[in-house]
Every structure is written in structure tokens, then in C-alpha cells.
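So that the names make sense, note that chain A is the first sequence line, chain B the second, and so on, each numbered from 1.
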There are 2 protein chains.
Amino acid sequence: MSRSSGIAIGALSTRTGCNIETIRYYERVGLLPAPARSAGGYRIYEPSHVRRLRFVRRARGLGFTLDEIRTLLDLADGGSGACAEARALAESHLVDVRGKISDLRAMETALAETVRQCDVGRQSRCPVIEALSADD
Amino acid sequence: MSRSSGIAIGALSTRTGCNIETIRYYERVGLLPAPARSAGGYRIYEPSHVRRLRFVRRARGLGFTLDEIRTLLDLADGGSGACAEARALAESHLVDVRGKISDLRAMETALAETVRQCDVGRQSRCPVIEALSADD
DNA sequence: CCTTGAGTCTGTAGTGGCTACAGACTGTAC
DNA sequence: GTACAGTCTGTAGCCACTACAGACTCAAGG
């Protein structure tokens, strides 16, 4: 018996590209179900854990928060009717992402302009510092 | 004597748009020098504090870390020779910002595509969840 | 002078999403 | 049997704040 024995945390880590400490952290905060344990207390992961962790990592890669991912996981497990909710979550997240992009673009413009002024003249004072020190 | 008496932390907060708790935090971590105190222990800020805090807030607005800002402040105080260093700092920060923008744009594309598929078909399964659950 | 109420004080703890230990134990290959 | 990599728990740190509790202070009005 016990033919398919599952894998240890290190193997799960290599397979998913997720740090060991992070895997344990996900378990602690309830994103990954607690796996079975060996006699000596080692975690033993099944293929379902691999799938779940990949889901989490992918969602993190898209910038979803752990809270949002918890919801997505519930929806994925939940079944029907979930699609509209998942879509809404993804859409509102997309709005966030676009907001961040435009914030960063504004930042980029301001920074680039500041740096550019260093090239322009050989002022007595530093344009970078001046820009940050402006009076109004 | 004591004609110009300085302002309290609340007034500094309104003037700079910086949270009171954040002002105290900046003092704690050495970004803002500790001001004089009233007999009762209230912080009394001078115009130099207003300028310094504005500098910090502006730099934060451009996404500099507190550590980078500490350096910028040293450079601003330090005087000559500082310009090249300040410029280098700003430039490397600009590289970071551009990196973040392109990461977010990739995210945006992937998210938008995922959401779009919800519109396309009336699949039995949710494209958002499917995308996150992919096997490879 | 006294009271009221807004302002301020210190200190501590929480946030998110990890990451980094220390010190003890386990599993496995030789 | 023993070496050594892997894993365990628990705690603390990171960044840049934010949010309290409970005590105190200051200015204005009566």
C-alpha cells in the first residue's frame, strides 16, 4: 500500500517556483490546505496542492491580493454562478492596475524631466534637489 | 522676545498634507529633525521643518524610498559635488519605475484578455478561473 | 479662576506579503 | 552508523505607514 506517496515541501517549492517559507506562510493564512504529515512530521503534498499553489502564484503574478485570491479560490471551488463574480473581481482589479500604471507614468514623466534638466545647463545648483525643494 | 513662535504639529500637517502620525514617524526614523518643545511638551515647528517635510513628501510622491530620501537630504544639505550623485539616484529610480510600468502593463494585458474571454463565449466554465488553473 | 473641548503626547500593535533566522529534529545514501 | 541535506516550529524583521488607548496641554468663553 501507499503507492503514491506525495511530495515534500522542497519538491513542491521547485515545482511551483514558490519559496518554502512562502508555502508555509500560505498554509498559515489559509490559502493552502494543511497537507498530511509523515511519521516524523514532514508535510506531504498531493497533486491537488500543486494545482492550488500554482493557482495562487499565477494570481499573485497578476497582482491579486491574498484576500482576492481567497475569494477566487472559493469561486473556483464553488462552481456555478461563480463566473460573474470572478469576472467582476478581475475587472475591478484591472481598474486598480490601470490606476497604478497612470500614477507611475506621471511619476516617470516628472522624474525624467528632472533628470533631463541636469543635462541641459551646468547650473550652479542641482535640478534634482531644486525640484524637490520648490517653495510652493 | 520670542516673536516668531513656530507652529504645532496639526498646523504642520495641514500645511504639508502629511498625516500627523506620519510626521511623528518621520521624526522617529530620522527624516525630520526633532523640533523644540513647548513647556507642556508639544512639538514646535519652524519654517525649516515645513521645507524639509515638503521635500520628503515630494520625493515620496515620486516613489523614492525613505532611504533614498535620506540620501537626497544629505546631498541637499551637503552642497557641491552632490548633483552627480543626486542625478544618479534619480536615474536609477527612473529605471525602477519604468520596470514597474512594464510589469504592470503585462499584467494589464493578461487581465484584460482574461476578462474579455468572458464576453466572447458563453462557456460552461469561467475563463477567469480557467486561466488561473491552467495545467502547465 | 474654572471648565470645556480640541489638540497633542507616548507607547504599542497592526497592516500585507513575505523573508530570515535559530535550534531541533528527520530522512536517506553510503 | 553516520554524515548531511532536508524539514520542523516559532519568532522577529522588512517597508511605510496607520490606529488606537489613555494621559496630558492649551486656548477660549463664562
Side-chain angles (χ1 to χ4, degrees), chain A residues 2 5-32 34-45 49 52-53 55-73 93 96-97 100 103-104 107, chain B residues 2 5-32 34-45 49 52-53 55-73 93 96-97 100 103-104 107:
Chain A
S2 84
S5 50
I7 59 173
I9 200 168
L12 180 60
S13 172
T14 354
R15 263 186 220 201
T16 57
C18 182
N19 203 313
I20 289 179
E21 319 267 18
T22 307
I23 295 172
R24 287 197 280 249
Y25 169 73
Y26 286 164
E27 181 183 328
R28 209 159 61 240
V29 301
L31 272 177
L32 204 56
R37 297 284 185 134
S38 74
Y42 279 27
R43 288 170 179 83
I44 303 167
Y45 294 99
H49 291 100
R52 189 130 178 144
L53 185 50
F55 187 105
V56 172
R57 288 272 91 194
R58 242 176 230 128
R60 283 294 297 140
L62 289 175
F64 287 98
T65 66
L66 297 191
D67 242 26
E68 289 169 333
I69 296 171
R70 243 181 295 265
T71 305
L72 285 172
L73 283 167
H93 181 57
D96 287 356
V97 169
K100 273 183 201 151
D103 285 356
L104 281 173
M107 235 184 243
Chain B
S2 85
S5 50
I7 59 173
I9 200 169
L12 181 61
S13 172
T14 353
R15 262 185 221 203
T16 57
C18 181
N19 204 314
I20 288 179
E21 320 266 19
T22 306
I23 296 171
R24 287 198 279 249
Y25 170 73
Y26 285 164
E27 181 183 328
R28 209 158 61 239
V29 300
L31 273 177
L32 203 55
R37 298 283 184 134
S38 74
Y42 280 27
R43 288 170 179 82
I44 303 167
Y45 293 100
H49 291 101
R52 190 128 178 147
L53 186 50
F55 187 106
V56 173
R57 288 272 92 193
R58 241 176 230 130
R60 283 294 298 140
L62 290 174
F64 287 99
T65 67
L66 296 192
D67 242 26
E68 289 169 331
I69 295 170
R70 242 182 295 267
T71 305
L72 285 173
L73 283 167
H93 181 58
D96 287 356
V97 168
K100 273 183 202 151
D103 287 355
L104 282 173
M107 236 185 241

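Backbone-only contact: Tyr26(B) has heavy atoms under 4.0 Å from sugar-phosphate atoms and none from a base.
Residue Arg28(A) places no side-chain N or O under 4.0 Å from the OP1 or OP2 atom of dC18(C). An OP1 or OP2 oxygen of dC17(D) is reached within less than 4.0 angstrom by a side-chain nitrogen or oxygen of Arg57(B). For Arg43(B), no side-chain nitrogen or oxygen approaches OP1 or OP2 of dT8(C) to under 4.0 Å. Contact annotation: Ser38(B) side-chain N/O to dC26(D) OP1/OP2 distance is under 4.0 Å. Here Asn19(B) does not reach the OP1 or OP2 of dC17(D): none of its side-chain N or O atoms lies under 4.0 Å away. Residue Thr65(A) has no polar side-chain atom (N or O) positioned under 4.0 Å from OP1 or OP2 of dG16(C). Phosphate proximity of dT10(C) to Arg37(B): present, with a side-chain N or O under 4.0 Å from OP1 or OP2.
Rounded to whole Å, atom C1' of dC17(D) lies 20 Å from atom CZ of Phe64(B). We find that CD1 of Ile9(A) is positioned 9 Å from C1' of dC8(D), with the value rounded to whole Å. Spacing between atom CD of Glu21(B) and atom P of dG7(C) amounts to 14 Å, rounded to whole angstrom units. One atom, CD1 of Ile7(A), and another, P of dG27(C), lie 16 Å apart when rounded to the nearest Å. The separation between Leu32(B) atom CG and dC17(D) atom C1' is 15 Å, rounded to whole Å. In this structure, CG of Leu31(A) is placed 9 Å from P of dC18(C), rounded to the nearest angstrom. If you take OH of Tyr42(B) and C1' of dC26(D), they are 6 Å apart, rounded to a whole angstrom. The nearest whole Å value for the distance from the OH atom in Tyr25(B) to the P atom in dC15(D) is 8 Å.
With distances taken from any side-chain atom of Ile20(A) to the nucleotides dT7(D), dT18(D), dG17(C), the minimum falls on dT7(D).
For the pairing with Phe55(A), the side-chain contact (heavy atoms from CB on, under 4.5 Å) check across Leu73(A), Leu32(A), Leu31(A), Thr16(A) returns one residue only, Leu73(A).
Between Arg60(B) and Leu66(B), the closest side-chain pair of non-hydrogen atoms falls below 4.5 Å.
Going from atom CZ of Arg43(A) over to atom NE2 of His49(A) covers 10.5 Å, rounded to the nearest 0.5 Å. One distance of note links OG1 of Thr14(A) with CD1 of Ile9(A); it measures 10.5 Å at 0.5 Å rounding.
Counting all heavy atoms, side chain and backbone alike, Tyr45(B) lies closest to Pro35(B) at CE2-CG, 3.4 Å.
Residue-to-nucleotide proximity on DNA chain D shows that, of Leu66(B) and Arg24(B), the 5′-proximal contact is made by Leu66(B).
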